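Note that the structure is predicted; figures quoted are calculated from it, not measured. Numbers here simply count residues along the sequence, with the first being 1.
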Amino acid sequence: GGVCGNQADKEGTSYITNCSNSGDITGDSAGGICGKGAGQLGTLTIESCSNSGDITGDSAGGICGKLAGREGTLTIKGCSNSGVISGDYVGGICGNKAGQQGTLTITENDNGDKCENSGDITGTDCGGICGPGVGYWSGTVSINNCINSGTIGPDNGGICGPYASH
């Protein structure tokens, strides 16, 4: 990730606030702020963060990569992505299988700033906010007041990729 690597906050309680990334990132499961497994088995809040760097890699996300919030509690508030995301199974905010067997909330912050993706997304099985499999294997997911204005390729979802809460 542009700010944290893989498994940020594994089994702990952490807050990431007011951070930004503008550098381009290449790698599977990458994220503009956190890499793969952010908040896994722990409690992580990411608030008022932004990514404007382009991200290339499967299962990537504008804020968090693959498996964000897996078996933990992840809250993303008022974060934005404007970078282009290229790869299969990607999302504008979270990559593939965010919230798997855990609790994921993506919403506005206390100032009313919404989570938003304005970056273009290319690839298969992608979503404007979350990639495919959000809430996979009995996860609990709440996506509130989020906006996707980025261009998304055919057969992809404006908010979630396929297999949501599968």
Rounded at 0.5 Å granularity, tell me how far [atom1] in [X] sits from [atom2] in [Y].
| X | Y | atom1 | atom2 | value |
| --- | --- | --- | --- | --- |
| Asp24 | Thr56 | CG | OG1 | 7.5 Å |
| Asp125 | Asn96 | CG | CG | 8.5 Å |
| Lys66 | Lys36 | NZ | NZ | 5.5 Å |
| Trp137 | Gln101 | CH2 | CD | 6.0 Å |
| Leu104 | Lys97 | CG | NZ | 15.0 Å |
| Ile46 | Cys94 | CD1 | SG | 7.5 Å |

Exceeds 12 heavy-atom contacts within 6.0 angstrom, atom CG of Asn144: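 Yes, the 6.0 Å shell around CG holds more than 12 heavy atoms from other groups.
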
Would you mind telling me which of [options] makes a side-chain contact (heavy atoms from CB on, under 4.5 Å) with [X]?
| X | options | value |
| --- | --- | --- |
| Ser50 | Cys79, Cys19, Ser20 | Ser20 |
| Ile159 | Asn117, Ile152, Ile129, Ile147 | Ile129 |
| Cys130 | Ile143, Val90, Asn148, Ile93 | Ile143 |

With clusters defined by side-chain heavy atoms of hydrophobic residues (ILVMFWY) lying less than 4.5 Å apart, directly or transitively, does [Y] cluster with [X]?
| X | Y | answer |
| --- | --- | --- |
| Leu67 | Ile16 | no |
| Val84 | Tyr89 | no |
| Val134 | Leu44 | yes |
| Ile63 | Val141 | yes |

Full working for side-chain contact (heavy atoms from CB on, under 4.5 Å) between Glu47 and Thr17: CA-CA 5 Å; Glu47 186 168 358; Thr17 58; 4.0 Å; yes

With no hydrogens and no angle check, is any side-chain donor or acceptor of [X] less than 3.5 Å from a backbone partner on [Y]?
| X | Y | value |
| --- | --- | --- |
| Asn156 | Cys126 | yes |
| Asn145 | Lys114 | no |
| Asp28 | Asp58 | yes |
| Asp88 | Thr124 | yes |

Under 3.5 Å side-chain donor-acceptor pair for Asn109 and Ser48: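 Result is yes, a qualifying pair exists.
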
Distance-only donor-acceptor check, side chains Ser86 and Thr122, under 3.5 Å: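 A pair is found: one side chain offers a donor N or O, the other an acceptor, under 3.5 Å apart.
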
Minimal non-hydrogen separation, Gly62 against Ile85, with atom names: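 So the two residues come closest at N-CD1, 3.4 Å.
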
